[in-house]
Each structure stands twice: as structure tokens, then as C-alpha cells.
2 protein chains.
Amino acid sequence: MAEWCNTEVVLSVVGGKWKLLIIRYLLLGTHRFGALRQAMPTVTQRMLTRQLRELEEDGLVSRKVYAEVPPKVEYTLTEVGESLRDIIGQLDTWGSWYRELRTPPARDDEQSTSDS
Amino acid sequence: MAEWCNTEVVLSVVGGKWKLLIIRYLLLGTHRFGALRQAMPTVTQRMLTRQLRELEEDGLVSRKVYAEVPPKVEYTLTEVGESLRDIIGQLDTWGSWYRELRTPPARDDEQSTSDS
DNA sequence: CAGTATCCCCCTTGATACTG
DNA sequence: CAGTATCAAGGGGGATACTG
């Protein structure tokens, strides 16, 4: 990516396939690795770990390991991560607006398709 | 990408390697293909064409072909594309803030390194 | 429970050459 | 000028198995 462009910096940091989902979930509060997995049922262990590590390197997420058996690891947004809250809110708003815009609108003379 | 998530929709539309640059340039006004190339010296013809086509399919950019020889094609943001202006502004602001944050700050007792 | 270690796929991007 | 066509490379992502 063209990271000399400020705009691209954001993508370079949240652009991974699962990162926005992770951040959105962590915006709700601290969570354990397993909780993240359950929140994103289709992500593999490997990918979740990788994406979390990258978010950590980029300073968006902090990782807290408890010296217990079995292991317990908690992930929390840093202040930098938290600072994305507003932007993510905007993305969400635009995204739903755009999705609706691009969804073929139901015509008036058309029955509801909610039963399909 | 997980496009069932509104947030991801934005990335799916703007996530191409050159798309944000293109949009930013078109936010300045309508431009010809050649002007876009010059504005982004490292993009190949092929990639510029492809990214523009995708933006067009996604309804962010409109393409106007003039029936002239030599050919003349102008690209303009649609209203949908324009609607990203604020968000891109936010990304830009966050990006420059983040970049500065992550740049090793010069220490007080340190000489300027601008001569290196 | 929360990871690594391997192996592999394919999709995006790129280089280069050609054309209406 | 504004594209296609073709071929090649790279890396992000995935499947599966193993471990402290």
C-alpha cells in the first residue's frame, strides 16, 4: 500500500481480513482469546493469532497473559485502538447506507420476500 | 472479507491498492486517465484501468468517453464517491496523528537529523 | 486454553508488449 | 491516448496437525 499517504495508514493497520471484526468486538470490552474465536466462528486459530499479533505490533491492542494453567490471555484495546471508535462508527454508518443503496429496492407492487 | 459486516463494506469498496489515491485525486475534480497516471507515477496502466473499473462498478466513479481521436476519457466521482469525502478526511486526520505517534520522537537533547 | 509448525492455494499486483 | 492481452511473481489467507 502507499503508506506515504496518511489515508492509507489506516488501511495498513485495520486492513487485515479479520482486524475490523476484532476491533469491533474489543470495542465492547476486554476479551479472552477463546471469546474472540467464538465471536468469529469462521476464523482459524492461526489467523486469529496472527491478526492479533499484528494489531499488537501496531499498538492497537494489548495482550495480557496470566500465569495460570490452563493458560488465560486477555486482549484489550489500547487508547490508540480506542481512538478508532468514532471512525469505525462512521464506516459502519456509511457501510449500511451504501449497502441499502446498492441493494435492489423492493418495488411497491412486490410482496415481501421475508418468508423465503 | 466479511462483507456481512457494514464496516467491511467500506474496505471492500476502497480497499484496492490504488483506490484511495484515485478517490483522493478525484475529490479535487474531474480528471483524465493520463492525469491520474501522472498523479500516481508508480501505478501501471493495467492496474489503474482495473481499479477505475472496479470503482465504476461499485458506483463511486463515473467514466465519460469522448468520441475523439485521440481518445479522451474523463473520470469523475459520483455522489456516492463524493459521500466519502468526510470519512476520507477523518482517515487522513487519524493517519497523520497515528504516524506521528508511531514515529520515534526526537529527544530534546538530540540534534536535528535533517542532515543525515 | 492458547497457541506453533507445515504445507498449499489463489488472488492481487506487476512487467511487458500490443492496439483502435 | 487509453486502453487489452499475456505471463509471472508474492504474499495473504486457509487446512490440518501438534504442543506447553
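Order of the sequence lines fixes the chain letters, A, B, ..., with proteins taken first and strands second; residue numbering starts at 1 for each chain.
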* To do: Kindly write out the residues that satisfy side-chain contact (heavy atoms from CB on, under 4.5 Å) with Arg50(B), not counting sequence neighbours, or none if the list is empty.
  => Arg46(B), Met47(B), Glu54(B)
* Which residue pairs pass the side-chain hydrogen bond (donor to acceptor under 3.5 Å, both in side chains) test with at least one member in residues 87-99 of chain B, sequence neighbours excluded? -> Asn6(A)-Arg99(B), Thr7(A)-Asp92(B), Ser83(A)-Trp94(B), Arg24(B)-Asp92(B)
* Asked: Given atom CG of Leu52(B) and atom C1' of dC1(D), what is their separation to the nearest angstrom?
  -> 14 Å
* To do: Could you tell me which residues satisfy side-chain hydrogen bond (donor to acceptor under 3.5 Å, both in side chains) with Gln45(B), sequence neighbours excluded, listed by chain and number?
  => none
* To do: Under the salt bridge (charged side-chain N to carboxylate O under 4.0 Å, His left out) rule, collect the residues that match up with Arg85(A), sequence neighbours excluded.
  => Glu82(A)
* Rounded to the nearest Å, what distance is computed from the CD atom of residue Gln45(B) to the P atom of nucleotide dG14(C)? -> 14 Å
* Asked: Is the phosphate of dC1(C), meaning OP1 or OP2, less than 4.0 Å from a side-chain N or O of Tyr75(A)?
  -> no
* **Candidate pair Cys5(B) and Leu20(A), rule side chain to side chain contact (heavy atoms under 4.5 Å, CB included), full reasoning** => CA-CA 9 Å; Cys5(B) 169; Leu20(A) 271 178; 5.8 Å; no
* To do: Mind checking the CG-CD1 spacing from Leu55(B) to Ile23(B)? Nearest 0.5 Å is all I need.
  => 5.0 Å
* Residues from residues 60-74 of chain B sitting under 4.0 Å of DNA chain C, heavy atoms only? -> Pro71(B)
Which pairs of donor and acceptor atoms, one on a side chain in residues 28-43 of chain A, lie under 3.5 Å apart (sequence neighbours left out)?
unit_1: Thr30(A); atom_1: OG1; unit_2: Thr76(A); atom_2: OG1; d: 2.9
unit_1: Arg32(A); atom_1: NH2; unit_2: Pro71(A); atom_2: O; d: 3.4

* Roughly how far, to the nearest 0.5 Å, is OG of Ser12(B) from NZ of Lys19(B)? -> 8.0 Å
* Dot-bracket notation for DNA chain C is requested: 5' to 3', Watson-Crick or G-U wobble pairs only, both distances under 3.5 Å, with ( ), [ ], | and . as defined. => ||||||||||||||||||||
* **Arg102(A): partners by side-chain hydrogen bond (donor to acceptor under 3.5 Å, both in side chains), with sequence neighbours left out** => none
* Asked: Is there a side chain to side chain contact (heavy atoms under 4.5 Å, CB included) between Thr78(A) and Val61(A) once you walk through the steps?
  -> CA-CA 5 Å; Thr78(A) 64; Val61(A) 164; 5.6 Å; no
* Asked: With Glu68(A), which residues qualify under side-chain contact (heavy atoms from CB on, under 4.5 Å), at least two apart?
  -> Tyr66(A), Lys72(A)
* Asked: The side chain of Thr44(B) lies closest to which of these nucleotides: dG14(D), dG3(D), dG14(C)?
  -> dG14(C)
* Worked verdict on Ile22(A) versus Leu48(A) for side chain to side chain contact (heavy atoms under 4.5 Å, CB included) -> CA-CA 9 Å; Ile22(A) 293 172; Leu48(A) 183 53; 3.8 Å; yes
Please tabulate the protein-to-nucleotide N/O contacts below 3.5 Å involving nucleotides 9-13 of chain C, giving atom names and distances.
unit_1: dT13(C); atom_1: OP1; unit_2: Lys17(B); atom_2: N; d: 3.0
unit_1: dT13(C); atom_1: OP2; unit_2: Gln51(B); atom_2: NE2; d: 3.3
unit_1: dT13(C); atom_1: O3'; unit_2: Lys17(B); atom_2: NZ; d: 3.2
unit_1: dT13(C); atom_1: O4; unit_2: Arg46(B); atom_2: NH2; d: 3.4

* Asked: Excluding sequence neighbours, so at least two apart, what forms side-chain contact (heavy atoms from CB on, under 4.5 Å) with Val69(A)?
  -> none
* **Residues touching DNA chain C, which here means a heavy atom under 4.0 Å, drawn from residues 20-39 of chain A** => Arg32(A), Phe33(A), Gly34(A)
* Structure fact -> When rounded to whole Å, the CG to P distance for the pair Leu11(B) and dG12(D) reads 16 Å
